4 protein chains.
Amino acid sequence: MAHGGNTKAAAVPQRLLAEATRLFADRGFDRTSVQEIVEAAGVTKGALYHYFGSKDDLLHEVYARVLRLQTERLEEIASGTGTVAERLHRAAADVVVTSIENLDDTKIFFRSMHQLSPEKQKAVRAERRRYHERFRALVEEGRRQGTFRAELRPDLVVDFFFGSVHHLGTWYREGGPLSAAQVAEEFADLLLYSVRQP
Amino acid sequence: MAHGGNTKAAAVPQRLLAEATRLFADRGFDRTSVQEIVEAAGVTKGALYHYFGSKDDLLHEVYARVLRLQTERLEEIASGTGTVAERLHRAAADVVVTSIENLDDTKIFFRSMHQLSPEKQKAVRAERRRYHERFRALVEEGRRQGTFRAELRPDLVVDFFFGSVHHLGTWYREGGPLSAAQVAEEFADLLLYSVRQP
Amino acid sequence: MAHGGNTKAAAVPQRLLAEATRLFADRGFDRTSVQEIVEAAGVTKGALYHYFGSKDDLLHEVYARVLRLQTERLEEIASGTGTVAERLHRAAADVVVTSIENLDDTKIFFRSMHQLSPEKQKAVRAERRRYHERFRALVEEGRRQGTFRAELRPDLVVDFFFGSVHHLGTWYREGGPLSAAQVAEEFADLLLYSVRQP
Amino acid sequence: MAHGGNTKAAAVPQRLLAEATRLFADRGFDRTSVQEIVEAAGVTKGALYHYFGSKDDLLHEVYARVLRLQTERLEEIASGTGTVAERLHRAAADVVVTSIENLDDTKIFFRSMHQLSPEKQKAVRAERRRYHERFRALVEEGRRQGTFRAELRPDLVVDFFFGSVHHLGTWYREGGPLSAAQVAEEFADLLLYSVRQP
DNA sequence: TATGAATGAGCCTTCATTCAT
DNA sequence: GATGAATGAAGGCTCATTCAT
């Protein structure tokens, strides 16, 4: 057998990524040392550098995973059935739920992006822009067909809404009074009311 | 006059604070070295530590200044004249404008707060909470008198809106297509539409 | 053989400890910089911190080594054969000889203990107390059986004698007129005369 | 009146010296900052440097005061009346009492001497040697006249005894079970028994 | 006499990364 | 695949001392 015999060894990169995510969310990228990550994952530095080119790479992987996930979900919803209002509401609620379900990633996203190397930052931003673009298109669609207010600036609406989403990590606490679904419903409502032609 | 002849020497702490603000906004707290700050301010490390107890103190000063300013303005607007809708709109637009006018502080605020020492973080959060509380009271007032939707959760509305405000630093660029006033107007409109009883 | 070819590289922690001992004795703990230690040992700071947690740790290691050595020797002599006077004389002479043979450690011991962190200081003191206690028991034994003067305060005798021992580092010079054995004989005689029932 | 009007200002150098002594004894010379001294004395750095040339000077003053005092007392006792045994006993007891009465100075003496600049260290050592010399002369006198043991090495006796005296600071605690007089009596007894022709 | 702002050198420690094994 | 010793650069901070006022 190739190397699958030892399930622990087989999971090394995953374990490293998981612990890194937790630690980056907890104390920030710069405040997390490579030593802490490898200790948490139960391996040594050499192992980390065997799988990842640098500490930066590790952070980039976190981003890549999240972006891939969210892009897929948005694509599915946006191109699904229902009125544009329904689809926008569904997309908004969904991004809130997945942001809360992956709150660590969410925290890292808005706190640590500027700590990536310039090139990686550029790559992440580009991907992010595509995601926003798809969202913006939904707003635009609703505006064109008269469902949403004519005087809207769709790009501003996107920035408005994703500010709220990115900040979930700042205040949302698991086990608090609100479930992810409740926040999602309320945020999606707020968005819809804010854009809809009254 | 005592020693006002040399305007440069007279302003050492202010200069340090100004350069620190700029650098923290630019590259983040952890990525800014004390050495860089003092070089930018044209003094030596000893001078910095003569005026500030630590690098952390410097960051705290930035926060304290911003919080003081925003609290004053909100207080004035909230207790001013006009309907609750007018006052909420005015307060929302105002915080957008001042956030854009002090974009460096805004960036620092949401990116670097978690890099403060736990005690200082607590102090800042407490002050921030008072600010949010005042804002929440406005939403609550409108809801009670039927101007705003009955099913609103005022605290969630506050988190929703300030997420957007704090994220201005992420995308707003001076000299871009939108003036501060335009963004302020649009954001305030979005907020009002989102809460108002249709 | 694994990597024994390079005898120099094999002994990094030992070399660090040896150079640190020499330097601490020479100029005191606070006056010795980590930089000086690593330069003397021919490595870099990173190497030192790879093996020792802190400069403090290094000092603690010196103490631990000395304390271990002396406790072993005292235990062996005290529980050996001979009258109590013979055993006390032998123990006294032995501690003088080993103190002179490790004069650097002796100097460090009485000069730098108070520069250890409080917890480490406590640990060293506790160990030291056990050592003194064993010595005190010898004096007590002689007093009870009438060999030593009845009005003695054994604990004061111990403090009296070890003051003299610890101060060897202040005046004894290798290559001077007195051998370690001569000083040991004379000190042990002085002690015995001072306690013996005339 | 010259400057005696303000009693507080008049005592500045004395207050500085007193606080410095206390602090040096407490935490050692190197661990005490000039800032701490001036704060304890309620003045500013400029004042300290007005009266003392350097931090080193301050330490030197402490030594000078102690040495002067002890030399005077020994001179008086040694050249007084009584047998040589009586005078040695009296001198030994006296140095113990004054060492305990000025325990801070005693601690500083044995811990911090090597932190003086080389020249000042030399000066202090020379003065100290004169003191020891006077004491040694007493032992020598007793040995010559047959009161003390013929095989004694008087210089070694002096080092033996003053080791004990210098170490008082390590273990003696005010308010403990032993008065200064009790320790003095016991130490002087031990010394006398150790040297006397049985 | 006395202030206190400012210097400049130095200190201990941390850390991402490399490399021989 | 993986180890862990070692590097080298940088980081935040302290401190005795000076000097214009």
Side-chain angles (χ1 to χ4, degrees), chain A residues 2-3 6 9-10 12-13 29-38 43-58, chain B residues 2-3 5-6 9-10 12-13 16 29-38 41-58, chain C residues 2-3 5-6 9-10 12-13 16 30-38 41-58, chain D residues 2-3 6 9-10 12-13 29-38 42-58:
Chain A
H3 66 27
N6 189 334
V12 164
F29 181 74
D30 281 335
R31 307 285 246 240
T32 303
S33 75
V34 167
Q35 188 59 42
E36 287 169 323
I37 298 170
V38 299
V43 298
T44 59
K45 287 189 190 171
L48 187 151
Y49 281 93
H50 183 71
Y51 291 109
F52 300 92
S54 66
K55 192 187 167 192
D56 222 74
D57 261 21
L58 218 40
Chain B
H3 62 28
N6 189 339
V12 167
L16 282 165
F29 181 74
D30 280 338
R31 305 288 246 237
T32 304
S33 76
V34 167
Q35 189 57 43
E36 287 169 325
I37 298 170
V38 300
V43 297
T44 58
K45 284 189 202 175
L48 187 153
Y49 283 93
H50 184 68
Y51 291 107
F52 301 91
S54 65
K55 192 187 167 193
D56 221 75
D57 260 23
L58 217 40
Chain C
H3 63 29
N6 190 338
V12 166
L16 282 165
D30 280 337
R31 305 288 246 239
T32 303
S33 77
V34 167
Q35 188 57 45
E36 286 169 325
I37 298 170
V38 299
V43 296
T44 59
K45 285 188 199 173
L48 187 153
Y49 282 93
H50 183 68
Y51 293 106
F52 300 92
S54 65
K55 192 187 168 192
D56 221 75
D57 259 23
L58 217 40
Chain D
H3 67 26
N6 188 335
V12 164
F29 180 74
D30 280 335
R31 308 286 247 238
T32 304
S33 75
V34 166
Q35 189 57 44
E36 287 170 323
I37 298 169
V38 299
V43 298
T44 59
K45 286 188 191 173
L48 187 151
Y49 281 92
H50 183 71
Y51 292 109
F52 299 91
S54 66
K55 191 186 167 192
D56 223 75
D57 262 21
L58 218 41

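This is a predicted model, so every value here is computed, not measured. The analysis underlying the following values was restricted to heavy atoms, covering all of them including side chains, and did not include hydrogens, waters or symmetry mates. Sequence lines set the chain letters: A, B, ... in the order given, protein chains first and strands last, and positions in each chain run from 1.
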K.L.:
Which pair of heavy atoms, one from A/Thr44 and one from A/Val38, lies closest together, and at what distance?
P.N.:
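Heavy-atom minimum between the residues: O-CG1, 3.8 Å.
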K.L.:
Rounded to the Å, how far apart are C/Leu16 CG and F/dA5 C1'?
P.N.:
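After rounding, the reported distance stands at 12 Å.
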K.L.:
Would you indicate which nucleotide in E/dG8, F/dT7, E/dT3 comes nearest to any side-chain atom of D/Val43?
P.N.:
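When the side chain of D/Val43 is considered, E/dT3 is the closest of E/dG8, F/dT7, E/dT3.
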K.L.:
Given pairs defined as Watson-Crick or G-U wobble with both distances under 3.5 Å, what dot-bracket annotation applies to DNA chain E, with ( ) intrastrand, [ ] crossing, | other strand and . unpaired?
P.N.:
.||||||||||||||||||||
K.L.:
In B/S/- notation, 5' to 3', how is nucleotides 11-18 of chain F contacted by protein heavy atoms closer than 4.0 Å?
P.N.:
SBBBBBBB
K.L.:
Provide, to the nearest angstrom, the distance between the NE2 atom belonging to B/His50 and the P atom belonging to E/dA5.
P.N.:
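Roughly 3 Å, once rounded to whole Å.
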K.L.:
Check whether any side-chain heavy atom of A/Asp30 lies under 4.5 Å from a side-chain heavy atom of B/Phe29, and answer yes or no.
P.N.:
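A/Asp30 vs B/Phe29: side chains apart.
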K.L.:
For the residue pair A/Glu36 and A/Arg31, what are the closest heavy atoms and their distance?
P.N.:
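Closest pair (atom of A/Glu36, atom of A/Arg31, distance): OE1-O, 3.7 Å.
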K.L.:
Restricting to non-hydrogen atoms, name the atom on C/Thr32 and the atom on C/Lys55 that form the minimum distance, rounded to 0.1 Å.
P.N.:
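That closest heavy-atom pairing would be O-NZ, 2.8 Å.
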K.L.:
For a quick test of reading the model: is some side-chain N or O of A/Tyr51 closer than 4.0 Å to OP1 or OP2 of F/dA2?
P.N.:
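Indeed, a polar side-chain atom of A/Tyr51 lies that close.
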K.L.:
Kindly give the heavy-atom pair with the smallest separation between C/Ala41 and C/Leu16, and that separation in Å.
P.N.:
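Distance-wise, the nearest heavy atoms are CB-CD2, 3.7 Å.
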K.L.:
With a 4.5 Å limit on heavy-atom distance, are the side chains of B/Leu58 and B/Leu48 in contact?
P.N.:
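Sidechains of B/Leu48 and B/Leu58: in contact.
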K.L.:
Would you mind reading off the distance between B/Phe52 atom CZ and E/dA5 atom P, rounded to a whole angstrom?
P.N.:
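The distance from CZ of B/Phe52 to P of E/dA5 comes to 12 Å, rounded to the nearest Å.
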K.L.:
Rounded to the nearest 0.5 Å, what's the gap from CZ on D/Phe52 to CG on D/Asp57? Could you check?
P.N.:
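Taking CZ in D/Phe52 and CG in D/Asp57, the distance rounds to 8.0 Å.
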